[in-house]
Colleague: 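The structure that follows is given in the form of structure tokens.
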Amino acid sequence: MVLLSSFWKTLLLTFAPLLIASTVIAQSNEPRKCGSELSPDEVAKKEATFSNDTGTLGLTSQTLDAKKRTIPVYFHVIRSDTTIEGGNVPDKQIRKQIDYLNKAFKGARFKFKLACSDRTTNETWFRQARPGTTYQTDMKTQLRKGDAATLNVYTVALHRLLGYSTFPSDYQSNPKDDGVVILYSTLPGGSNVDFNRGGNLVHEVGHWVGLYHTFQGGCDGPGDYVDDTPAEARPSDVCPIGRDTCSSPGVDPIHNFMDYSVDSCLEEFTPGQMKRAREQFATYRDKNN
């Protein structure tokens with residue numbers, strides 16, 4: 001048995017809490033990571049289908065712009081216990097998140113309305129639900145509500161991901177899988193230091209209405225299939241003002257909700273993105289089509 005001198009004991013007791021605290025802070029400041037990244041082949045396949053489906057419906061700008069859509073939201077709070085640290089996010093954070101969604105998607109004429117919030121105590125779902133697992137499949141199968149035009153949000157304790165989402169064209173083949181899963185601490189007022197203003201859910205709902213990352217495809221090709229988002233070679237990190245990674249016109253869209261900047265840096269969608277969101281919703285989620 002090794003005996004510590006009083007000096008080393010004092011040193012250990014003094015600095016151990018600081019080391020632990022610094023570890024927690026470092027974890028909370030990890031870069032944004034989304035689980036909805038698609039390969040070029042996956043995107044090309046979706047876009048070929050979208051082009052055909054949109055043409056079949058005969059959608060016009062006039063019909064898209066004239067219709068305001070109210071989207072019911074079911075908020076499923078998954079928790080390990082009744083503490084906030086255990087995932088039991090308060091109702092006020094959910095209300096603030098809905099308000100932030102409506103502010104962000106105003107240009108698409110979407111109105112998100114909280115239909116219901118429920119709470120499920122299940123530590124396995126809370127800690128292990130993530131893309132491709134049976135845990136997230138069981139969770140969604142038991143809890144999902146509504147149809148293709150209904151947004152279901154699940155809050156869990158994701159590891160190394162802030163969230164992930166299905167895309168509109170995925171609904172027909174697997175309706176029960178449809179929805180968005182996010183890290184519980186990223187709601188407005190949450191404990192995740194860089195991502196607690198509500199931008200995380202806005203980002204994932206962007207995927208849910210058919211938007212890709214602004215850095216999709218890098219500097220070459222059609223990128224995110226939106227004309228007014230400048231091309232970007234790679235995801236942003238923190239808030240790199242003035243960064244320009246492609247030779248095409250425009251600096252990197254680091255303030256765009258579909259990039260990877262911290263929440264305080266995210267503030268906009270482009271008109272082109274809002275147009276695409278309306279087209280995707282009308283094609284795959286509007287029950288009248």
Side-chain angles (χ1 to χ4, degrees), residues 31-61 64 104-105 107-108 131-132 160-174 177-178 180 199-200 202-262 265-285:
R32 184 184 298 276
K33 179 64 176 175
C34 169
S36 302
E37 295 187 359
L38 300 178
S39 70
D41 289 343
E42 289 173 320
V43 170
K45 184 177 179 179
K46 283 185 180 297
E47 290 308 302
T49 303
F50 178 49
S51 179
N52 180 68
D53 292 342
T54 304
T56 301
L57 290 175
L59 298 174
T60 66
S61 297
L64 288 170
F105 284 97
R160 297 193 179 279
L161 283 180
L162 292 189
Y164 61 98
S165 174
T166 57
F167 288 84
S169 58
D170 300 332
Y171 180 83
Q172 186 174 7
S173 62
N174 194 355
D177 189 48
D178 185 66
V180 171
N200 187 41
V202 171
H203 177 100
E204 297 304 337
V205 173
H207 292 312
W208 189 78
V209 296
L211 302 181
Y212 300 126
H213 292 131
T214 52
F215 50 85
Q216 179 70 47
C219 297
D220 303 318
D224 63 352
Y225 288 82
V226 176
D227 292 337
D228 60 358
T229 54
E232 186 177 26
R234 59 184 180 275
S236 62
D237 185 17
V238 190
C239 192
I241 303 295
R243 193 184 76 164
D244 192 2
T245 57
C246 294
S247 59
S248 53
V251 297
D252 292 357
I254 64 164
H255 298 296
N256 196 285
F257 283 113
M258 300 314 294
D259 207 346
Y260 273 13
S261 301
V262 296
C265 190
L266 300 180
E267 58 187 29
E268 64 186 8
F269 286 116
T270 66
Q273 286 176 309
M274 296 295 87
K275 178 177 182 292
R276 176 181 170 87
R278 291 194 298 271
E279 291 172 342
Q280 285 267 325
F281 199 96
T283 302
Y284 296 113
R285 297 198 179 279

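Computed over heavy atoms, backbone and side chain alike; hydrogens, waters and symmetry mates excluded.
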Colleague: Any Lys/Arg nitrogen of Lys46 or Asp170 sitting under 4.0 Å from an Asp/Glu carboxylate oxygen of the other?
Modeller: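 Yes, Lys46 and Asp170 are salt-bridged.
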Colleague: Closest approach of Ser261 and Ile254, non-hydrogen atoms and distance?
Modeller: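 That would be OG-O, 2.7 Å.
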Colleague: Can you list every pair that meets salt bridge (Lys or Arg N to Asp or Glu O under 4.0 Å) and has a residue in residues 218-243, with sequence neighbours left out?
Modeller: Glu232-Arg243, Arg243-Asp252
Colleague: Can you name the closest pair of heavy atoms from Phe257 and Ala104 and give their distance?
Modeller: CE1-CB, 3.9 Å
Colleague: Under the criterion side-chain hydrogen bond (donor to acceptor under 3.5 Å, both in side chains), which of Asp177, Asn174, Asp178 is the partner of Thr166?
Modeller: Asp178
Colleague: With ring pair (Phe, Tyr, Trp, His ring centres under 6.0 Å) as the criterion, how do Tyr260 and Phe215 come out once you've worked through the C-alpha distance, each side chain's angles and the decisive distance to 0.1 Å?
Modeller: CA-CA 9 Å; Tyr260 273 13; Phe215 50 85; 5.0 Å; yes
Colleague: Check whether any side-chain N or O of His207 sits under 3.5 Å from a backbone N or O of Phe167 as a donor-acceptor pair, and report yes or no.
Modeller: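 Pair absent, no side-chain N/O of His207 close to backbone of Phe167.
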Colleague: What is the minimum heavy-atom distance between Cys34 and His213, and which atoms define it?
Modeller: SG-NE2, 3.6 Å
Colleague: With sequence neighbours excluded, tell me which residues meet side-chain contact (heavy atoms from CB on, under 4.5 Å) with Ser39.
Modeller: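 side-chain contact (heavy atoms from CB on, under 4.5 Å) list for Ser39, sorted by chain: Asp41, Glu42.
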Colleague: Run the numbers on Leu211 and Gln280 for side-chain contact (heavy atoms from CB on, under 4.5 Å), then give the verdict.
Modeller: CA-CA 9 Å; Leu211 302 181; Gln280 285 267 325; over 6 Å; no
Colleague: Taking the six-membered ring for Trp, are Phe269 and Phe105 parallel (under 30°), tilted (30 to 60°) or perpendicular (over 60°)?
Modeller: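 If you compare the ring of Phe269 with that of Phe105, the planes turn out tilted.
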Colleague: Using modelled atom types only, decide if a donor and an acceptor are shared between the side chain of Ser51 and the backbone of Ala48 within a distance under 3.5 Å.
Modeller: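 Checking the backbone N and O of Ala48 against the side chain of Ser51, no donor-acceptor pair under 3.5 Å is found.
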Colleague: Using a 3.5 Å distance criterion without hydrogens, assess whether the side chain of Ser36 forms a donor-acceptor pair with backbone atoms of Ser165.
Modeller: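 Confirmed, Ser36 side chain pairs with Ser165 backbone.
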Colleague: Show your reasoning for whether side-chain contact (heavy atoms from CB on, under 4.5 Å) applies to Tyr171 and Tyr284.
Modeller: CA-CA 8 Å; Tyr171 180 83; Tyr284 296 113; over 6 Å; no
Colleague: Once salt bridge (charged side-chain N to carboxylate O under 4.0 Å, His left out) is applied, do any residues pair with Lys33, and if so which ones, sequence neighbours excluded?
Modeller: Glu37
Colleague: Does the side chain of Leu161 reach to within under 4.5 Å of the side chain of Pro131, using non-hydrogen atoms?
Modeller: yes
Colleague: Sub-3.5 Å donor-acceptor pair from the side chain of His255 to the main-chain atoms of Cys265, do we have one?
Modeller: yes
Colleague: Identify, with sequence neighbours excluded, every residue that meets salt bridge (charged side-chain N to carboxylate O under 4.0 Å, His left out) alongside Glu47.
Modeller: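 By the salt bridge (charged side-chain N to carboxylate O under 4.0 Å, His left out) rule, Glu47 matches Arg276.
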Colleague: Atom CG in Asp259, atom CD in Glu268: separation rounded to 0.5 Å?
Modeller: 10.5 Å
Colleague: Test of understanding: with side chain to side chain donor-acceptor pair (under 3.5 Å), list the residues that count as partners of Asn256, not counting sequence neighbours.
Modeller: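 Here the qualifying residues are Gln273.
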Colleague: Going through the checks in order, is the side-chain contact (heavy atoms from CB on, under 4.5 Å) test met by Trp208 and Arg285?
Modeller: CA-CA 10 Å; Trp208 189 78; Arg285 297 198 179 279; 3.0 Å; yes
Colleague: Quick check: does any side chain N or O of Thr229 sit under 3.5 Å from a backbone N or O of Thr214, one acting as donor and the other as acceptor?
Modeller: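 No, Thr229 side chain to Thr214 backbone: no donor-acceptor pair under 3.5 Å.
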Colleague: Please enumerate all residues that pass side-chain contact (heavy atoms from CB on, under 4.5 Å) together with Ala233, with sequence neighbours excluded.
Modeller: Cys219, Thr245, Cys246
